[in-house]
Engineer: 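Dropping the structure in here first, questions after.
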Amino acid sequence: MEFVGADETFITRYFSLDHDLQLIGRELGKDVHIKAALSDFWGLRIVRQPPWECLISFICATYKSVAAIRQMLLKLSEKFGEKVMLEGCDFHAFPTQERLSKASLRELEGCGLGYRAKYVLETSRLVCAGSFDFDGLRRMGYAEAKDALRELPGVGAKVADCVLLFSLGMLEAFPVDVWVKRIILKYYSEHFPAGFVEKLSCQKGFSDADYERLNGFGRKYFGAYAGYAQEYLYHYERLRTAKLKKD
DNA sequence: TTCCAGGGAGTAT
DNA sequence: ATACTCCATGGA
């Protein structure tokens, strides 16, 4: 393996190369759908992003397409992140807490954040002021840490689950977005009452109670590595529908 | 042009 | 608790 500007310890930790993928695959292989997803994307891992970066990124990611999210985060970094030279090219690091907490609402909106600008600003100020302690989360269980994160403006159940999964390594977290909702309705509907399935298929979004129900299913059905199931199923379904559009 | 996006918060029942 | 509504922007 080859990389520049990082040592092996960092790479191992960031890409969670310490996770026992073989074990996780055995634990998750409960049905044909997850087996197909595991097979198609075998090797995919849950990253360990810095919590701050992960938090802001997923606050920005609400109700936005992936392509638009990339643009938003790129602009945020270009505008507020420290410039880094690597292999003769200019890059920008993700903005620090201090820098974002001092940004103006207009500047943030200029990065295409829209109504998320105020959430990013308020959360940045809380984190920067020390009113929120990321390290404290590591000492909490899943439910408690999730509640603590949800105190932050712009952080609901889904964003909280993403932070717990992609930065704190709580692999039992099972974020439910529109894609995961579709996946559950499509492949796992027999685990729910028909009325619930029909209600969810008719509406675009879903309530907090509905979220907890879908999230609870994922954690109970897939177990301690539910987050890995989410990751594989998410990419499986996205690629499958992308292929479908071509034909 | 219209539609929808890796949701969350505010408000009225 | 639950239902309904608005949110600001950009890619397809």
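The model shown is predicted, which means the values in this text are computed figures rather than measured ones. The sequence lines fix the lettering, A, B, ..., with proteins before strands; numbering per chain opens at 1.
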Engineer: Aromatic contact between A:Y232 and A:Y236, with the criterion being ring centroids under 6.0 Å apart: yes or no?
Structural biologist: no

Engineer: With a non-hydrogen cut-off below 4.0 angstrom, is A:F58 in contact with a base, only sugar-phosphate, or nothing?
Structural biologist: nothing

Engineer: Taking the cut-offs as 6.0 angstrom to the six-membered ring centre and 45 degrees off its axis, would you call A:R213 and A:F192 a cation-pi pair?
Structural biologist: no

Engineer: Looking at A:M170, A:R219, A:K146, A:E172, which hits side-chain contact (heavy atoms from CB on, under 4.5 Å) with A:D161?
Structural biologist: A:K146

Engineer: Quick check on B:dA5: is either OP1 or OP2 less than 4.0 Å from any side-chain nitrogen or oxygen of A:R182?
Structural biologist: yes

Engineer: Using a heavy-atom cut-off of under 4.0 Å over every strand shown, decide if A:V180 touches base, sugar-phosphate, or nothing.
Structural biologist: nothing

Engineer: Is a salt bridge present between A:E237 and A:R240, judged by a nitrogen-to-oxygen distance below 4.0 Å?
Structural biologist: yes

Engineer: Across the strands shown, which category fits A:G154 at heavy-atom distances under 4.0 angstrom: base, sugar-phosphate, nothing?
Structural biologist: sugar-phosphate

Engineer: Provide the Watson-Crick or G-U wobble partner of B:dG8, both distances under 3.5 Å; none if there is no partner.
Structural biologist: C:dC6

Engineer: Any base atoms under 4.0 Å from A:R238, or only sugar-phosphate, or nothing? Heavy atoms, all strands.
Structural biologist: sugar-phosphate

Engineer: Write down the distance separating the P atoms in C:dA8 and B:dT11, rounded off to the nearest Å.
Structural biologist: 14 Å

Engineer: Using a cut-off of 4.0 Å on non-hydrogen atoms, how would the nucleic acid contact of A:L165 be classed: base, sugar-phosphate, or nothing?
Structural biologist: nothing

